[in-house]
A.B. asks: 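So that we are looking at the same thing, I have put the structure below in structure tokens.
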Amino acid sequence: MQEKFNHIEVERAAQDHWQAKDAYRVTEDGSKPKYYACSMLPYPSGKLHMGHVRNYTINDMLTRQLRMKGYNVLMPMGWDAFGLPAENAALKNKVPPAKWTYENIAYMKKQMQAMGLAIDWSREVATCDPEYYKWNQWLFLKMLEKGIAYRKTQVVNWDPVDQTVLANEQVIDGRGWRTGALVEKREIPGYYLGITNYAQELLDHVQVGNEKATLNGWPDKVRLMQENWIGKSAGVRFAFTHDIKGTDGQLIQDGKMYVFTTRADTIMGVTFCAVAPEHPLALHAAADKPELAAFIEECKKGGTTEAELAVKEKEGKPTGLFVTHPITGAQVEVWIGNYVLMSYGDGAVMGVPAHDERDFAFANKYNLPIKQVVAVEGQAAYDDKQWNDWYGDKERGVLINSGDLDGLNHKDAVQAVAKIVGDKGLGELKTTWRLRDWGISRQRYWGTPIPIIHCADCGPQPVPEKDLPVVLPQDLVPDGSGNPLVKSEAFHAGVVCPCCGKPARRETDTMDTFVDSSWYFMRYCDAKNGEQMVADGADYWMPMDQYIGGVEHAILHLLYARFWTKVMRDLGLVKIDEPFTKLLTQGMVLNHIYSRRTAKGAKEYFWPKDVEHVFDESGKIIGAKLKVEVDSADGLLPVGTAIDYEGVGTMSKSKNNGVDPQDLIEKYGADTARLYTMFTSPPELTLEWNDAAVEGSYRFLRRVYNFGSKLTAMDMDSAVQGVVGAKSLDDVEFGKAAKALRLEIHNVLKQVEYDYSRMQYNTVVSGAMKMINALEDFKALDDTGAKVALIEGFGILLRVLYPATPHLAHVLWSELGYANHLGDLLDAPWPQVDPKALVQDEISLVLQVNGKLRGAILVSATADKAAIEAAALANEEYQKFAEGRAPKKIIVVPGRLVNIVV
RNA sequence: GCCCCGAUGGUGAAAUUGGUAGACACUGCAGACUUAAAAUCUGCCGCUUUUAACGAAGCGUACCGGUUCGAUUCCGGUUCGGGGCACCA
């Protein structure tokens with residue numbers, strides 16, 4: 001082997017070896033336990049970013065370690081190839097999205113191969129491939145048949161200048177990103193998938209503490225987020241009656257305005273009702289009241305996101321319409337409220353200002369009456385100007401001013417109210433979900449065409465199964481105004497209605513890209529199946545054992561994939577209930593953000609490499625300045641120019657703070673990039689970029705290499721080389737120093753085992769560093785068994801390190817002859833902790849007096865509690881700090897500490 | 001606004017889940033080697049007080065309070081930061 005570490009040659013040698021062996025191709029092998037470990041599929045944005053490097057390295061470490069432990073391991077890869085960025089790039093460069101996408105895929109695939117990932121490329125999937133999206137269309141048609149998919153109007157962001165639908169991302173401060181025009185809400189028809197049909201099951205499987213829960217291998221935070229998102233709430237749905245008639249002379253909604261409430265107990269405190277701007281009563285009232293119509297119009301301005309609505313100032317207008325309280329018969333005025341959502345419940349709420357914080361604010365703003373109906377014992381009198389938390393207290397509140405209901409607690413009162421409205425035929429107990437059905441229609445080109453044909457006579461008709469896939473044209477270039485599919489003659493050419501045979505037009509909406517990512521992981525199991533969506537491969541590999549991806553996908557993607565899997569199960573396509581047994585949500589990769597305002601007031605961002613921090617005396621960052629000359633909108637900025645420091649944030653092109661993994665791999669090699677990302681932070685935490693620390697990772701690899709090349713000079717005879725497993729070491733005598741080395745190595749190995757099992761790879765790397773430190777510090781080569789301990793230790797180190805830095809480990813393992821005895825590192829046996837190496841005669845215990853550290857005592861490893869107590873009481877540190885006081889209590893934690901309370 | 005998460009030295013972090021806080025690193029400082037530099041190696045590195053020095057004492061895991069023999073870990077509250085909020089992926 002070469003004397004000097006050359007990462008380029010090391011990595012080439014290892015990768016050539018793996019390629020020649022086709023080392024990562026796996027088949028469904030019943031003789032071994034299977035393990036399916038998968039990363040969330042990347043969007044082919046152009047080149048890998050650090051988040052990818054982190055994600056795939058975690059996946060790769062898991063895969064490689066488990067393979068050594070004897071599992072049949074699958075690590076596949078594919079491309080989430082449809083989506084908006086391809087259209088944006090097309091707009092900018094006048095290149096069809098397909099070309100841009102496929103070029104990006106080719107480049108990123110090369111980068112992944114350079115990282116040395118153990119991917120089975122024979123299973124590669126790109127979602128823009130008709131062979132893939134055909135099955136999106138096929139399953140959509142099945143869902144239509146089953147009534148799971150249906151057509152309904154949806155609210156979208158409309159850019160009135162470009163005459164186009166905008167994604168939320170394209171709405172900036174309520175305006176279109178390209179035109180700057182004020183965005184309007186507009187209702188258009190679209191297709192929905194009935195995810196709410198599965199709400200209960202989706203909740204049961206994920207909910208922490210639910211006896212039906214199966215996703216115990218998911219982080220609690222994700223489970224909690226999904227639970228809240230599904231948002232099951234039990235309450236009462238009941239009607240306020242009225243006799244308001246529409247222009248057609250019919251009672252609006254049959255004279256019943258339904259509301260849903262979880263606080264039916266406060267029903268006697270109702271002083272108003274509020275409906276959404278889109279509610280039939282609101283529209284009716286606006287018909288002859290221009291100021292109401294204007295208010296409803298006003299509510300349509302701005303974006304459609306929940307966050308935007310939630311921070312809006314709560315506003316309302318009285319309609320002049322009255323409805324009848326179902327118990328008291330009182331007339332209650334209906335208001336239009338901009339905070340009432342048509343999509344939740346019935347789009348109407350009862351207003352109880354005394355006991356709901358939002359109603360309270362609303363009533364105070366518009367001088368509506370406030371009626372207290374709940375009292376909490378021990379609380380002072382109600383003050384109608386200042387909100388107090390006890391006003392909404394469900395636990396302690398008791399009803400007052402509520403007639404027959406007086407004295408009831410929350411729970412009993414809800415039941416009583418449900419009975420009263422039930423007896424009148426005006427309502428019942430009801431469960432409501434926050435979860436809404438999944439709208440999948442997108443008015444965009446680069447996605448899966450929705451397989452529907454619109455006939456002037458027959459209406460929307462499903463494309464017959466034999467005509468699938470409906471192929472997306474590859475050569476269109478969007479121009480920014482609307483969907484180019486609408487104008488594509490080729491797309492509509494020859495289309496006839498499947499029902500009546502007359503000429504017809506294709507649906508031009510495409511599917512949400514979350515459809516693509518809802519089942520690709522099953523396609524990997526059977527990637528080339530032309531006959532079926534999935535088949536036997538999925539039965540073997542699914543459910544996936546470990547899913548790894550960004551925490552930003554904790555709700556939407558994961559929920560949709562769970563839903564899609566359940567639909568496939570109910571159609572008899574797969575046998576599983578849940579797709580992902582275990583989930584790891586990796587933290588985001590962050591970097592510092594530096595900016596300044598240009599003379600014109602625009603913000604420009606600076607690349608972190610061009611900037612250095614300015615610190616205060618205590619070492620805190622207080623600002624930044626340029627380290628080199630930088631060309632800016634205001635001309636060349638000299639070295640030392642003061643720059644604004646914005647803290648850290650996710651790496652992004654727009655903030656100019658991305659670190660290109662390519663530079664890193666070219667300069668230091670893939671092993672360094674992998675080691676650095678694994679070592680710097682635990683997988684679940686955010687990772688802040690630090691250039692200087694990369695150097696340290698490289699240094700460590702060089703140390704390992706140099707240690708290996710020293711071993712070759714040490715006359716390692718093959719007999720010793722063979723002695724690398726714990727079992728064959730039973731007959732070897734070890735001297736004091738060799739014993740100490742083995743104690744350290746095996747202790748660390750034990751910890752590393754644990755860290756591998758919990759995927760805490762940063763401490764795995766620490767463990768490897770401790771091992772090389774111990775091996776380098778070991779100087780007693782003349783000790784009995786010294787060489788054996790050294791060669792055993794290095795063999796363990798290589799295997800511990802291999803999943804993180806496979807190239808270096810592979811080359812050393814082969815060159816030093818370990819491979820001759822234990823086989824290729826790919827499938828070499830995982831090292832075992834030797835219990836004999838861990839045996840110690842004496843151990844040190846911490847001595848505490850009143851819980852404070854006061855010293856240490858050395859006791860025999862087999863010492864019992866009495867002996868430990870005696871040793872502690874005899875200790876002079878104890879004597880000193882006890883100051884003659886008698887011990888009241890002695891706590892002994894075996895193997896750890898003694899605490900004497902005086 | 002709502003839901004979730006996080007906060008530990010100059011920096012990234014560790015602490016086997018209630019038992020020695022700061023392992024392992026990065027940076028920095030001092031030294032060795034070198035004509036010199038790089039590389040490499042050795043030592044030091046939470047804060048304060050005290051000591052000529054060895055050392056000693058106290059404080060310390062965002063902030064305030066609680067439970068406990070013992071709290072980075074558990075509970076209540078506060079502040080700041082990050083993620084998600086349904087058409088970005």
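No hydrogens, no waters, no symmetry mates; every other heavy atom, side chains included, goes into these values. A, B, ... follow the sequence lines: proteins, then strands. Residue 1 opens every chain.
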A.B. asks: Measure from NZ or CZ of A:Lys314 to the centre of the six-membered ring of A:Phe362 and say whether it is under 6.0 Å with the direction within 45° of the ring axis.
C.D. replies: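 No; the conditions do not both hold, so A:Lys314 does not lie above the ring face of A:Phe362.
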
A.B. asks: With a cut-off of less than 4.0 Å, is there a side-chain N or O of A:Thr686 near OP1 or OP2 of B:G82?
C.D. replies: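 So the side chain of A:Thr686 is outside the cut-off, no N or O lying under 4.0 Å from OP1 or OP2 of B:G82.
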
A.B. asks: Would you mind classifying the nucleic acid contact of A:Pro42 as base, sugar-phosphate or nothing, using non-hydrogen atoms under 4.0 angstrom?
C.D. replies: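 Here A:Pro42 touches no strand at all.
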
A.B. asks: What is the ring orientation for A:Trp564 with A:Trp438, classed by angle as parallel under 30°, tilted 30 to 60°, or perpendicular over 60°?
C.D. replies: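 Perpendicular, since the angle between the ring planes exceeds 60°.
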
A.B. asks: Whole Å only: how far is the CH2 atom of A:Trp387 from the P atom of B:G1?
C.D. replies: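 Between P of B:G1 and CH2 of A:Trp387: 17 Å.
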
A.B. asks: Respond yes when some side-chain nitrogen or oxygen of A:Arg699 is under 4.0 Å from OP1 or OP2 of B:U27, and no when none is.
C.D. replies: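 For B:U27, OP1 or OP2 has a side-chain N or O of A:Arg699 closer than 4.0 Å.
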
A.B. asks: Considering every strand shown, what is the Watson-Crick or G-U wobble mate of B:U72 when both distances are under 3.5 Å?
C.D. replies: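 Paired with B:U72, as far as the under-3.5 Å criterion goes, is no nucleotide at all.
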
A.B. asks: OP1 or OP2 of B:A14 versus the side-chain N and O atoms of A:Asn762: is any pair under 4.0 Å?
C.D. replies: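 The answer is yes; a side-chain N or O of A:Asn762 sits under 4.0 Å from OP1 or OP2.
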
A.B. asks: Dump the intermediate steps for ring-ring contact (aromatic ring centres under 6.0 Å, His included) on A:Tyr668 and A:Tyr676, then the final yes or no.
C.D. replies: CA-CA 11 Å; A:Tyr668 297 105; A:Tyr676 171 73; 9.7 Å; no

A.B. asks: Quick one: the side chain of A:Asn899 and the base of B:C69, do they pair up donor-acceptor inside 3.5 Å?
C.D. replies: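 Between B:C69 and A:Asn899, which were checked side chain against base, a qualifying N/O pair under 3.5 Å is present.
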
A.B. asks: Given atom CZ of A:Arg758 and atom P of B:A15, what is their separation to the nearest angstrom?
C.D. replies: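 Those two atoms, CZ and P, are 5 Å apart.
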
A.B. asks: Is it the case that A:Arg396 places NZ or CZ above or below the six-membered ring of A:Trp390, under 6.0 angstrom from the centre and within 45 degrees of the axis?
C.D. replies: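 Not flagged: A:Arg396 not positioned over aromatic ring of A:Trp390.
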
A.B. asks: Which part of the nucleic acid, if any, lies within reach of A:Val171 when heavy atoms closer than 4.0 Å are counted: base, sugar-phosphate only, or nothing?
C.D. replies: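 The residue A:Val171 makes no contact with any strand.
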
A.B. asks: Using the closest heavy atom to pick a nucleotide of RNA chain B for each, name whichever of A:Arg442 or A:Lys314 lands nearer the 5' end.
C.D. replies: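 Result: A:Lys314.
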
